[in-house]
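Note that ligands are numbered from 1 as they come in the structure, with each ligand's atoms numbered from 1 the same way.
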Amino acid sequence: MMKVVICEDQATAVARTAAEIIQQVQSRSASVLGLATGHTMDAVYASLVAGHDTGQVGFSQVRSFNLDEYIGLGPDHPQSFAQYMAHAFFDRVDIPLAHKRLPNGDTRDPNSEAASYEAAIEAAGGIDLQLLGLGTNGHIGFNEPGSSARSKTRVVALTQATRTANQRDFGAAEAVPASAITMGIATILSARRIVLLALGKEKAEAVARMVDGPVSPSCPASALQTHTDITVFLDPAAACKLSPPDANIHDHSGIDG
Ligand code: GLP
């Protein structure tokens, strides 16, 4: 079931998202987390780091798998998702080096890297909680429109829309890599729980298609409607195009609610 929680503001939506992750790790210290990148996640990781620093949560037994990585960027490349994760989270908490994985975008054989990444997730026992953001075109991870609900971790071409959306990290859309390795829709759906965070009016159209639209490859995130345990945290701007029944599921109960 997809639970949609419209929070009173961005800070509350971020705090609620981080609280789900913290509660997951508190209840199972050896949780397998699926992690996401993107600017939306900056404040989520800051909140997790704060929870770590205050002793509320520890990550020493957690294992993590990130959703995706650009092909052609090594883990030391400043615009790689590996570097994003290092700066935002990994270097600031107690998660062991060997426990954190992203697809290696700097490989001679991306197809084989994708297959071994999928196998590694299975070997870890699957993902307990998957954190997701949302692309303005409805993508999750880098599953662009047209992605099959049966897709596994694989090599994908990025759309011009995504390269343009992500250009602020690279200076120009042409500088954004043209392809990536991403967990597939089926990989994401195999997580036991999913928490998605979308903020701001630029996500409103994609949010409405994800929640209210038909389940269709034209909006990859709509496949999440078929998951048994997904919670979507929104701010009012991201929720503004939802149909009235969804828009009535307001939740102002705060981070403990
Ligand atoms: C990126 C990532 C996604 C992310 C999305 C939104 O391209 N591959 O995992 O959810 O785009 O990013 P942002 O939070 O910066 O809007």
Going by an N to O cut-off under 4.0 Å, is there a salt bridge joining R193 and E20? yes

Donor-acceptor pairs under 3.5 Å, side chain of residues 173-184 to any protein atom, not counting sequence neighbours: which ones?
| unit_1 | atom_1 | unit_2 | atom_2 | d |
| --- | --- | --- | --- | --- |
| T182 | OG1 | F142 | N | 3.0 |

Give a table of atom pairs where an N or O of ligand 1 lies under 3.5 Å from a protein N or O.
| unit_1 | atom_1 | unit_2 | atom_2 | d |
| --- | --- | --- | --- | --- |
| ligand 1 | 7 (O) | H139 | NE2 | 3.4 |
| ligand 1 | 7 (O) | N166 | ND2 | 2.9 |
| ligand 1 | 8 (N) | D68 | OD2 | 2.8 |
| ligand 1 | 8 (N) | G141 | O | 3.1 |
| ligand 1 | 10 (O) | L134 | N | 3.3 |
| ligand 1 | 11 (O) | H139 | NE2 | 3.1 |
| ligand 1 | 14 (O) | H39 | N | 3.3 |
| ligand 1 | 14 (O) | T40 | N | 3.0 |
| ligand 1 | 14 (O) | T40 | OG1 | 2.5 |
| ligand 1 | 15 (O) | H39 | N | 2.8 |
| ligand 1 | 16 (O) | K203 | NZ | 2.7 |

For a quick test of your reading: what N or O donor-acceptor pairs under 3.5 Å do the side chains of residues 124-131 make, sequence neighbours left out?
| unit_1 | atom_1 | unit_2 | atom_2 | d |
| --- | --- | --- | --- | --- |
| D128 | OD1 | R28 | NH1 | 3.3 |
| D128 | OD1 | R192 | NE | 2.9 |
| D128 | OD1 | R192 | NH2 | 2.9 |
| D128 | OD2 | R28 | NH1 | 2.4 |
| D128 | OD2 | V32 | N | 2.8 |
| Q130 | NE2 | G34 | O | 3.4 |

Check R154 against A114 and note the closest heavy-atom contact, atom names and distance. CA-CB, 3.6 Å

Does Q26 use its side chain to pair, donor to acceptor, with the backbone of Q56 at less than 3.5 Å? yes

Side chains of residues 202-211: which donor-acceptor pairs under 3.5 Å do they make with residues two or more places apart or in other chains?
| unit_1 | atom_1 | unit_2 | atom_2 | d |
| --- | --- | --- | --- | --- |
| K203 | NZ | L134 | O | 3.0 |
| E205 | OE1 | K241 | NZ | 3.4 |
| R209 | NH2 | S218 | OG | 3.1 |

